[in-house]
Amino acid sequence: MQPPVVKNVSSDDQDALIDVLMLAFSTDPISRFGFLHPSQYLNGMRIIFGATAGPSIDGQGAWLTHGAGAMWLPPGTHVSDDSIEGIFEYLEPSRAETMGELLGQMEASHPKEPHWYLNFIGVDTHRQGQGLGSAVLKASLVPVDEQGAIAYLESSNVANIPLYERFGFEVTGEIQVKDSPVVYPMVRQGKDHSQY
C-alpha cells in the first residue's frame, strides 16, 4: 500500500482542508460541547476553520492529504478576534461562559517561548485508522524541526495522546472548566525529525 501523499497547501486548497476538518471534528469532545446541536456545529466551526485557514496557509502551516489535514500557526501568528466574533451566536448559550473560560485557560497554557501551534489536526471519521493522521503529523513537523522550534498542541481527545507522544509531544497538564471535557496541553521540544 502506497503511503499517503501529504502536501503543504495554498489558498486554492482552503475549502478542501476545511471540509476535511469539518468531518474530523464532528465528534470532537470540545467542539461538540460548545456547539451542541448540528446547526451550531456546522456554522460555528466553519467560522473557526475559515478564520484559522488564512494565517495557517500564509505561514506555510496548512497540510492536506485525502481524508486528513492540519492547520499550524507559526511563531508569533494568531487568529484575529474579529475573524471569529461570529461564533458567539452559535455557541450553546448554557455553555458559552464555560467555553470562554476554557479557551482562556488554553491560551494561557501556551509556552512562553516562540512556538509552532498545531491549532487543528484531524482525519475524516470515515478514514480513521488508516495512518493518515500520522502521515500528516510527520510531514507537517518537518519545517518545525528544520527551525529547531518548540511545537505545542492541545488534545481534546485522550485517545489521540499516544499518537502525539510517538512524535515527541509530552502532556504538561490538564485543563477543565466546570463540566467541560478535559483538554491536555502538550509540548514538544525541538527534535531531529529523522527519528520519526
Side-chain angles (χ1 to χ4, degrees), residues 1-9 17 19-35 41 45 48-49 52 56 61-75 99 102-103 105-111 113 115-177 179-196:
M1 182 174 157
Q2 293 288 340
V5 176
V6 180
K7 62 179 183 173
N8 190 227
V9 300
L17 178 58
D19 287 347
V20 164
L21 293 175
M22 288 293 292
L23 292 172
F25 278 79
S26 65
T27 58
D28 174 69
I30 294 296
S31 299
R32 297 317 301 269
F33 178 81
F35 301 114
Y41 171 79
M45 288 304 289
I48 291 171
F49 290 139
T52 308
S56 179
W63 297 85
L64 182 65
T65 189
H66 185 66
M71 292 184 192
W72 288 84
L73 296 174
M99 281 299 295
L102 183 68
L103 293 172
Q105 289 188 28
M106 289 166 63
E107 179 68 28
S109 73
H110 281 236
E113 305 88 350
H115 61 279
W116 281 81
Y117 174 37
L118 181 53
N119 208 345
F120 299 106
I121 185 170
V123 179
D124 177 351
T125 55
H126 184 64
R127 302 289 308 277
Q128 290 178 351
Q130 299 176 20
L132 299 179
S134 292
V136 169
L137 190 53
K138 182 176 182 179
S140 67
L141 280 167
V142 170
V144 177
D145 290 341
E146 286 173 348
Q147 296 176 18
I150 295 170
Y152 172 79
L153 62 83
E154 298 113 355
S155 180
S156 53
N157 189 337
V158 69
N160 294 335
I161 290 176
L163 167 66
Y164 302 135
E165 288 177 333
R166 271 202 324 269
F167 283 87
F169 286 89
E170 297 178 3
V171 174
T172 60
E174 296 182 5
I175 301 170
Q176 184 176 32
V177 175
D179 61 340
S180 78
V182 178
V183 177
Y184 301 90
M186 301 186 74
V187 173
R188 178 182 183 270
Q189 301 301 322
K191 301 282 183 183
D192 173 7
H193 190 76
S194 63
Q195 64 184 304
Y196 298 103

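Owing to the predicted nature of the structure, the values given are computational and were not obtained by experimental measurement. We number each residue from 1, following the sequence as shown. All values below were derived from every heavy atom in this structure, side-chain atoms included, with hydrogens, water molecules and symmetry-related copies excluded.
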(message) Would you compute the distance between atom CG of L132 and atom CZ of R127 and round it to the nearest 0.5 angstrom?
(response) 5.0 Å
(message) Ignoring hydrogens, what is the shortest heavy-atom contact between P111 and V187? Give both atom names and the distance.
(response) CG-CG2, 4.0 Å
(message) Can you tell me how far apart OG (S31) and CG (N157) are? Round to the nearest 0.5 Å.
(response) 10.5 Å
(message) Please check this pair: side chain of S56 against backbone of L73, looking for a donor-acceptor N/O pair closer than 3.5 Å.
(response) no
(request) Search all heavy atoms of Q130 against all heavy atoms of H126 and return the closest pair with its distance. (result) NE2-O, 4.1 Å
(message) List the residues meeting ring pair (Phe, Tyr, Trp, His ring centres under 6.0 Å) with Y164, not counting sequence neighbours, and say none if there are none.
(response) none
(message) side chain to side chain contact (heavy atoms under 4.5 Å, CB included), that's the test. Do D28 and F35 meet it? Break it down for me.
(response) CA-CA 10 Å; D28 174 69; F35 301 114; over 6 Å; no
(request) Quick one: do Q105 and V183 satisfy side chain to side chain contact (heavy atoms under 4.5 Å, CB included)? Show the steps, please. (result) CA-CA 10 Å; Q105 289 188 28; V183 177; over 6 Å; no
(message) A side-chain contact here means heavy atoms from C-beta on lying under 4.5 Å apart; do I30 and E154 qualify?
(response) no
(message) What's the separation between atom CG in L137 and atom CZ in F169, rounded to the nearest 0.5 Å?
(response) 6.0 Å
(message) Taking ring pair (Phe, Tyr, Trp, His ring centres under 6.0 Å) as the definition, give me every residue that meets it alongside F120, ordered by chain and number, with sequence neighbours left out.
(response) F25, F49
(request) Kindly give the heavy-atom pair with the smallest separation between A70 and L118, and that separation in Å. (result) CB-CD1, 4.1 Å
(message) I need the D124 CG to T65 OG1 distance, nearest 0.5 Å.
(response) 12.0 Å
(message) Taking the side chain as everything from C-beta on, heavy atoms only, tell me whether M71 gets closer than 4.5 Å to L17.
(response) yes
(request) Give the intermediate values and the outcome of side-chain hydrogen bond (donor to acceptor under 3.5 Å, both in side chains) for residues S109 and Y152. (result) CA-CA 10 Å; S109 73; Y152 172 79; 2.4 Å; yes
(request) To the nearest 0.5 Å, tell me how far Q189 CD sits from E170 CD. (result) 7.5 Å
(request) Report yes or no: does Y41 contribute a side-chain atom to a donor-acceptor pair with the main-chain N or O of M22 at less than 3.5 Å? (result) yes
(request) Indicate yes or no for a side-chain donor-acceptor contact from D145 to the backbone of G190 under 3.5 Å, with no hydrogens or angles considered. (result) no
(request) Mind listing the closest non-hydrogen atom pair of A139 and W63 along with its distance? (result) O-CH2, 3.8 Å
(request) Determine whether V136 and I121 make a side-chain contact, defined as any pair of heavy atoms from C-beta on separated by less than 4.5 Å. (result) yes
(message) Whether the side chain of S134 engages the backbone of G131 through a donor-acceptor N/O pair (distance < 3.5 Å, no angle test) should be reported.
(response) no
(request) Kindly compute the distance separating CD (Q176) from CG (L102), expressed to the nearest 0.5 Å. (result) 9.0 Å
(request) Measure up the H110 and Y117 rings against each other and bin them: parallel (under 30°), tilted (30 to 60°), perpendicular (over 60°). (result) perpendicular
(request) Under the ring pair (Phe, Tyr, Trp, His ring centres under 6.0 Å) rule, collect the residues that match up with H66, sequence neighbours excluded. (result) none
(message) Could you tell me if S155 and N160 have a donor-acceptor pair between their side chains, going purely by distance under 3.5 Å?
(response) no
(request) Of all the heavy-atom pairs spanning V144 and S140, show the shortest one and how long it is. (result) CG2-O, 3.8 Å
(message) Testing the basics here: between V123 and A68, what is the closest heavy-atom pair and its distance to 0.1 Å?
(response) CG2-CB, 3.8 Å
